[in-house]
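Order of appearance sets the numbers: ligands from 1, and atoms from 1 within every ligand. Keep in mind the model is a prediction, meaning the values are calculated, not measured.
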Amino acid sequence: MNDVEDVITIDGPAASGKSSVARRVAGELGIPFVSSGLLYRVAALLVEEGAGDPGDEREVMARLTGTVVRLLPSLQGDRLTVDGRDVTDGLHTDAIDASVSAVARHPRVRAWVTERLREIPGPFVIDGRDMGTTVFPGARAKFYLTAPPEVRARRRVGERAADLREVADAMRRRDRLDAAQSAPAPDALHIDTGDLTLDEVVSQVMDALSGVGAA
Ligand code: C5P
């Protein structure tokens, strides 16, 4: 298992800015960035490819355990392979967004993802929902990013060229479904990114890290 002292966690809801911030902070520190959501997304993809039911835990687990899934962290962007096939580019579709929360709700799926993440050698910056609470409770530094729902919806529309109302509805639905695993760690530093630029958030994180001796 990796040394938790080497891990920096950045949690928060969809489009709170956590992956952009985590990637930039990792770049500044010269260490890899890991997006934990990719593992849930790959589980959703395997179910979708097999025309399976994301609500059926046993079926999701059968697909996961029958394959070799590797998360390859890199400063240029993580890659995800399934039995050697690079599936990274298919993981951020509207269909996966819509089904991933149902897959991520299953305790055995969460345990499988947690195990994969704890195998990754540190140091790294990792983003997700429960990185600072469940997966790396002993992390060196923890952050929790938020932003008002309308700001998050506008950011996502920019990324996906979609209709604002539809995106806002889908995001609210995903927030509701993800609520169980999205509570902030009690010792996380909260940053509301709504009125801040990416540079400003990154510098707040870097300032906080220099205070704990990680930067
Ligand atoms: O962060 P990202 O949007 O890629 O996460 C996709 C989905 O994976 C989330 O909506 C959530 O259902 C699930 N997830 C989770 N716990 C994490 C990371 C992601 O449940 N730590």
*For T193 and R155, does a side-chain donor sit closer than 3.5 Å to a side-chain acceptor?*
yes
*asked:* Using a 4.0 Å cutoff against the non-hydrogen atoms of K18, which atoms of ligand 1 qualify?
replied: 1 (O)
*Check whether any side-chain heavy atom of L80 sits under 4.5 Å from a side-chain heavy atom of D86, and report yes or no.*
no
*asked:* At less than 4.0 angstrom from any non-hydrogen atom of S36, what atoms of ligand 1 do you find?
replied: 17 (C), 18 (C), 21 (N)
*Check the angle between the aromatic planes of F136 and F124 and answer parallel, tilted or perpendicular using the 30° and 60° thresholds.*
perpendicular
*Could you tell me which atoms of ligand 1, counted from 1 in the order shown, lie closer than 4.0 angstrom to a heavy atom of G128?*
18 (C), 21 (N)
*Under 4.0 Å between a Lys/Arg side-chain N and an Asp/Glu carboxylate O for R152 and D175?*
yes
*Protein heavy-atom partner closest to atom 1 (O) of ligand 1 - residue, atom, separation in Å*: R129 NH1, 3.1 Å
*Of the choices Q181, M171, R156, R110, which has the non-hydrogen atom that lies closest to atom 16 (N) of ligand 1?*
R110
*Can you check whether D130 has an N/O within less than 3.5 Å of an N/O in ligand 1?*
yes
_Under 4.0 Å to a heavy atom of M131 - the qualifying atoms of ligand 1, by number_ = 21 (N)
*Identity and distance of the protein heavy atom lying nearest atom 14 (N) of ligand 1*: Y40 CD1, 3.5 Å
_Can you confirm, on distance only, whether ligand 1 has an N/O atom lying under 3.5 Å from any N/O atom belonging to S35?_
no
*List the closest protein heavy-atom neighbour of atom 3 (O) of ligand 1: residue, atom name, distance to the nearest 0.1 Å.*
R41 NH2, 3.0 Å
*asked:* Please check this pair: side chain of H106 against backbone of P54, looking for a donor-acceptor N/O pair closer than 3.5 Å.
replied: yes
*asked:* If the condition is salt bridge (charged side-chain N to carboxylate O under 4.0 Å, His left out), which residues does D89 pass it with, not counting sequence neighbours?
replied: R79
*Mark yes when over 12 heavy atoms from residues, nucleotides or ligands other than D83 sit less than 6.0 Å from its CG; otherwise mark no.*
yes
*Could you list the atoms of ligand 1 found under 4.0 angstrom from a heavy atom of G37?*
4 (O), 5 (O), 18 (C), 19 (C)
_I need the nearest protein heavy-atom contact for atom 12 (O) of ligand 1: residue, atom name and distance, please._
D178 OD1, 2.6 Å
*Between A104 and ligand 1, which part of the residue brings a heavy atom under 4.0 Å of the ligand: side chain, backbone, both or neither?*
side chain
*Under 3.5 Å: donor-acceptor pair, side chain of R41, backbone of L91*: yes
*Would D178 and R105 pass as an ion pair if we require N to O under 4.0 Å?*
no
